[in-house]
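A short write-up of the structure that comes next.
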Amino acid sequence: VTTIKTHVTQGPTPHPMIKNVIAIASGKGGVGKSTVSVNLALALAETNAKVGILDADIYGPSQPFLLGTSSIAAEVLNNNRISPILAYGLQTISIGNMITENTPLIWRGPMVSRSLQQLFMLTDWDALDYLIIDLPPGTGDIHLTLSQKLPITAAVVVTTPQDLACLDARRAVEMFKKVNVHVLGVIENMASFQCPHCHQDSPLFGHHGGKKLAAKTELPLIGQIPLSAVIREEEEKGKPFFTKETDQSIKHEFRGIANTIIQEISLLPVFEKSKIPPVVKV
Ligand SMILES: Nc1ncnc2c1ncn2[C@@H]1O[C@H](COP(=O)(O)OP(=O)(O)O)[C@@H](O)[C@H]1O
Ligand SMILES: [Mg+2]
């Protein structure tokens, strides 16, 4: 058994209760970032790691829906800390558990990034090995602030194969590079479609978009998830796909991605407490 270590971030000091933070980003919305986040979290948890999800998609929080926790309001404790909501063995928190479904969020950018930093800091995470952050889509102000201020061990960029999605995904890669966040690689979602009748694979959204993006950005393609009716159907029942017993081939793909991520993170420099510069009081 290898123990999971805390690895260096792009700058900020790691959260005392979270060893490694994995940011999941995409240029565009609707490419399956939340789907990948939750199933990846479950695949990581299957290795006996302690895993959490922070749903940072503040304008479109979908983790409570995917995890079946929409009706649960997060408990704010006496000391102002927030209890994470347990679902399928994951410690989870989302702005969706702090407000009702019909409340429009009319916060401006700085307030959004501040609230997310608070959600990250104030949640009572219980000794996580990995925290998955489901980032909002895009590469704007909020993303830049979060990528600088949250202690991120590594990021993963999700894209679909279309040129347009890849173009935006590339912006996400460039953004992370700018703020020194280590990008582990690209996940191509909806990579191909297997016809349930004739079992032929067809590239509904085009060929090799993820591969091309990986080549252009000199990043590895760490996984390809097919377009699958089962994924969508399970999600619409309010369950993550990974909790389903069948469809082992797609689960196998998620397990492969989880193992690659575990492996790649383990190779990053280890964070050493003693290297934190002492606070100088003036
Ligand atoms: N591989 C897939 N196969 C089929 N449907 C998918 C797949 N990935 C995502 N979806 C569906 O596409 C929609 C958008 O996915 P979601 O994860 O919410 O995207 P994002 O977080 O990027 O906006 C959801 O209805 C989801 O069920
Ligand atoms: Mg989403």
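Both ligands and their constituent atoms are indexed starting at 1 by order of listing. Sequence positions, counted from 1, serve as the residue numbers for this chain.
- Geometrically, ligand 1 and Asp134 share no nitrogen or oxygen pair separated by less than 3.5 Å.
- Glu188 contributes atom CD, which lies 10.0 Å from atom CD of Glu253 (distance to the nearest 0.5 angstrom).
- Taking 4.0 Å as the cut-off between side-chain N and carboxylate O, Glu234 and Lys237 count as a salt-bridged pair.
- Residue Thr35 has at least one nitrogen or oxygen atom sitting less than 3.5 Å from a nitrogen or oxygen atom of ligand 1, judged on distance alone.
- The shortest side-chain heavy-atom distance between Lys239 and Lys244 does not fall under the 4.5 Å cut-off.
- Taking only nitrogen or oxygen atoms, main chain and side chain alike, Gly29 does not reach within less than 3.5 Å of ligand 1.
- Here the rule is side-chain contact (heavy atoms from CB on, under 4.5 Å) with Pro64, and of Ile72, Asp55, Ile95 only Asp55 fits it.
- Within a 6.0 Å radius of NZ in Lys177, more than 12 heavy atoms belonging to other residues, nucleotides or ligands are found.
- Considering backbone and side-chain atoms together, Glu235 places an N or O closer than 3.5 Å to an N or O of ligand 1.
- The shortest N or O to N or O distance between Gly32 and ligand 1 is below 3.5 Å.
- Under the side-chain contact (heavy atoms from CB on, under 4.5 Å) rule, Val186 has a single partner from Val158, Val156, Leu213, Ile222, which is Leu213.
- Residue Ile231 touches ligand 1 through its side chain alone, judged by heavy-atom distances below 4.0 Å.
- Listed by number with element, the atoms of ligand 1 under 4.0 Å from a non-hydrogen atom of Pro226 are 1 (N), 2 (C), 3 (N).
- Atoms of ligand 1 lying under 4.0 Å from at least one heavy atom of Leu227, given by number and element, are 1 (N), 3 (N), 4 (C).
- Nearest protein heavy-atom contact of atom 10 (N) of ligand 1 is Met190 CE, 3.8 Å.
- Ion pairing between Asp129 and Lys19 holds under the 4.0 Å rule for side-chain N and carboxylate O.
- Around the Mg ion (ligand 2), the protein atoms of type N, O or S found under 2.8 Å away are Ser34 OG, listed by chain and number.
- Heavy-atom contacts of Asn189 reach the following atoms of ligand 1: 1 (N), 2 (C), 7 (C), 8 (N), 9 (C) (cutoff under 4.0 Å).
- Taking a 4.0 Å cut-off on heavy atoms, Ser228 registers as neighbouring ligand 1.
- Applying the 4.0 Å criterion to heavy atoms of Ser34 picks out, from ligand 1, the atoms 17 (O), 20 (P), 21 (O).
- Within a 4.0 Å radius of atom 26 (C) of ligand 1, the protein has at least one heavy atom.
- Relative orientation of the Phe254 and Phe241 rings is tilted, given thresholds of 30° and 60° on the angle between their planes.
- An N or O contact shorter than 3.5 Å links Gly30 to ligand 1 by distance.
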